Novice: 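My structure is below; once you've seen it, I'll send some questions.
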2 protein chains.
Amino acid sequence: MQEDLKVLLVQRRVAPFEGFWSLPGGFVKMNETLEQAALRKLKEKTNVDQVYLEQLYTFADLERDPRARVLTIAYYALVSSEHFTLKPSEAVADVKWHSMYDLPELAFDHAYILDYALQRLRNKLSYTTVGSQLLPEKFTLPELCRIYELILNREIDKRNFRKKMAIMDVLEDTEETSQKYSKKPAKLYRFKHSEIIELSQSPHTIIQPKTPRSLQGER
Amino acid sequence: MQEDLKVLLVQRRVAPFEGFWSLPGGFVKMNETLEQAALRKLKEKTNVDQVYLEQLYTFADLERDPRARVLTIAYYALVSSEHFTLKPSEAVADVKWHSMYDLPELAFDHAYILDYALQRLRNKLSYTTVGSQLLPEKFTLPELCRIYELILNREIDKRNFRKKMAIMDVLEDTEETSQKYSKKPAKLYRFKHSEIIELSQSPHTIIQPKTPRSLQGER
DNA sequence: CCAAAAGTGTTAGTGATACACCCATGT
DNA sequence: ACATGGGTGTATCACTAACACTTTTGG
């Protein structure tokens, strides 16, 4: 359990930014959706198949690319720590996983984009079950806790973490155990729902009455 | 203080969706930013100047427009309840403010986009000071509270609301009062910061230690 | 003096955080 | 028997939500 939060980067073979690492990307075809385009590009570099994909933001400043005006509609995917074969396509010198916390200098505005993505992911972590995408179907609570620690980049108290998970009520006990990381067997869990769930809690919000009343009749 | 949450719609003059109401929009020029394009289009219909603009999402499904594949990078702006002169441009039959809670049938996927925008706005309301954009510089607490009620579409307890605002510590007392909506004078406040502030609280998150400790050295 | 909106405090419940020891197993 | 990571409970504090009366003014 000494993993890391990683991002897949490709090394550019051509100018501009020749030799720099950058986010994988490419052009959207006229009759494919943005999601299809993102998946296609991802597949060119990995053999990833089922992934969580989310639109991040559209970056479109005029000077992003010295050659021409380029709009980037950025998506991010989360894949669990299983192994994928990386296959550099011909346009690219290399493909590699890099630690999010130890990045090389990136081409274009990609460092900014990555930073934006990390913030988004951290936010999502607190009110959804995105974390589920970074583990195999069955996992132990210490493993899940570790995912949170890696993304949030700080220690989490395991007792509080377990309590929180219990309250959220999103996990179910498989009857199995794992001894992957310890001699004492750890219970294996899975997420009750395969999709990503939004947790409805009442945090930090402006006043959420228990029994909402209608305001102004019709509305 | 019997206002409403409104959205600016334009009525289409031409097919497809002739006669339907739709969100104002247009094409981005080759050498303007998305924000500039959004502002330009907004200015064609109103005389709005200083506005809060935020990128919402990029909608790009293949069948959004029957004529061709169109990508829409949606932005939303918030303007305070002051009056703007609306000026329909020639491509458009009419321009009008519509209640968000009483919309006509909209062209394309614009109903979906609006719904998405409302959700975003509601979320932002709870952890930022976006509300400030919908009022003039100086305002009373009941007015601000009303903005929250309109956006969230539910009643808010005014005592709790005042307490919350006090804790957030984003308002400052002007020495003035207003009797616009009542005989008893209400104190006028203004936001301490003219920009929109993100409130750092600890809601609903997974465990935020008061004094964060470093995890794994360097990170 | 009446109507109308502004303004004000307290209590109970829930969720967040901090914290230390025992347990099951493999070696 | 010991080393390693898994698993557990409690007390404090902060925030949320519910709730009703007094104050200031204009008419």
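Values reported hereafter were calculated over all heavy atoms of this structure, with side chains retained and with hydrogens, waters and symmetry mates removed. As the structure is a prediction and not an experimental result, all values here were calculated from the model. By convention in this document, chain letters (A, B, ...) are assigned in the order of the sequence lines, proteins followed by strands, and residues within each chain are numbered from 1.
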Novice: List in chain and number order the residues that pass side-chain contact (heavy atoms from CB on, under 4.5 Å) with A/Ala37, two or more places apart in sequence or in another chain; answer none if no residue qualifies.
Specialist: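 Partners of A/Ala37 by the side-chain contact (heavy atoms from CB on, under 4.5 Å) criterion, ordered by chain and then number, come out as A/Val28, A/Glu32, A/Arg40.
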Novice: Any carboxylate oxygen within less than 4.0 angstrom of a Lys/Arg side-chain nitrogen, looking at B/Glu143 and B/Arg146?
Specialist: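 A salt bridge is absent here (no side-chain N lies under 4.0 Å from a carboxylate O).
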Novice: Would you mind reading off the distance between A/Met165 atom CE and C/dG15 atom C1', rounded to a whole angstrom?
Specialist: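 Roughly 15 Å, once rounded to whole Å.
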Novice: Quick one: which protein N/O atoms are closer than 3.5 Å to N/O atoms of nucleotides 23-27 of chain C? Pair and distance per line, please.
Specialist:
{"residue": "C/dC23", "atom": "O2", "partner": "A/Lys184", "partner atom": "NZ", "Å": "3.1"}
{"residue": "C/dT25", "atom": "O3'", "partner": "A/Gln179", "partner atom": "NE2", "Å": "3.2"}

Novice: I'd like to know if B/Lys163 reaches the base of C/dT10 with its side chain, counting only an N/O donor and acceptor under 3.5 Å.
Specialist: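 In this structure, the two groups form a donor-acceptor pair.
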Novice: Please evaluate the base of D/dA17 for a donor-acceptor partner in the side chain of B/Arg159 within a cut-off of under 3.5 Å?
Specialist: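 Side chain to base: no pair below 3.5 Å.
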Novice: What is the distance, rounded to the nearest whole Å, between atom CZ of A/Phe161 and atom P of D/dG6?
Specialist: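 Nearest whole value for this atom pair: 12 Å.
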Novice: Just how far, in rounded Å, is P of D/dA18 from NZ of B/Lys158?
Specialist: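 Result: 17 Å.
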Novice: Figure out the OH/C1' separation between B/Tyr181 and C/dA3, and round it to whole Å.
Specialist: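 For the pair B/Tyr181 OH and C/dA3 C1', the rounded distance is 19 Å.
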Novice: Once hydrogens and angles are ignored, does a donor-acceptor distance under 3.5 Å link the base of D/dG6 to the side chain of A/Lys187?
Specialist: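 Checked by distance alone, the answer is no.
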Novice: Rounded to whole angstrom units, what separation is found between the CG atom of B/Asp157 and the C1' atom of C/dA6?
Specialist: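 The distance from CG of B/Asp157 to C1' of C/dA6 comes to 14 Å, rounded to the nearest Å.
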Novice: Determine whether a donor-acceptor pair (N or O, by modelled atom type, separation under 3.5 Å) exists between the side chain of B/Thr129 and the backbone of B/Ile197.
Specialist: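 Answer holds: yes.
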Novice: Check salt bridge (Lys or Arg N to Asp or Glu O under 4.0 Å) between A/Asp102 and all other residues, then give those that pass, not counting sequence neighbours.
Specialist: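 Testing A/Asp102 for salt bridge (Lys or Arg N to Asp or Glu O under 4.0 Å), a comparison that skips the adjacent residues, returns none.
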Novice: The criterion is ring-ring contact (aromatic ring centres under 6.0 Å, His included); which residues satisfy it with A/Tyr76, sequence neighbours excluded?
Specialist: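 With sequence neighbours excluded, A/Tyr76 shows a ring-ring contact (aromatic ring centres under 6.0 Å, His included) to no residue whatsoever.
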Novice: Whole Å only: how far is the NZ atom of B/Lys164 from the P atom of C/dG7?
Specialist: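 In whole Å, C/dG7 P lies 20 Å from B/Lys164 NZ.
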Novice: State which residues pass ring-ring contact (aromatic ring centres under 6.0 Å, His included) with A/His98; sequence neighbours excluded, sorted by chain then number.
Specialist: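 By the ring-ring contact (aromatic ring centres under 6.0 Å, His included) rule, A/His98 matches A/Trp21.
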Novice: Taking only distance into account, with no hydrogens and no angle test, what donor-acceptor pairs under 3.5 Å do side-chain atoms of residues 107-117 of chain B form with protein atoms, sequence neighbours excluded?
Specialist:
{"residue": "B/Asp109", "atom": "OD1", "partner": "B/Arg64", "partner atom": "NH2", "Å": "3.0"}
{"residue": "B/Asp109", "atom": "OD2", "partner": "B/Arg64", "partner atom": "NE", "Å": "2.7"}
{"residue": "B/His110", "atom": "ND1", "partner": "B/Leu23", "partner atom": "N", "Å": "3.0"}

Novice: Rounded to the nearest angstrom, tell me the gap between atom CG in A/Asn160 and atom C1' in D/dC13.
Specialist: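 Going from CG in A/Asn160 over to C1' in D/dC13 covers 13 Å.
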Novice: Round to a whole Å and report the spacing from CD of A/Glu176 to P of D/dG6.
Specialist: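 Checked: the CD to P distance equals 17 Å.
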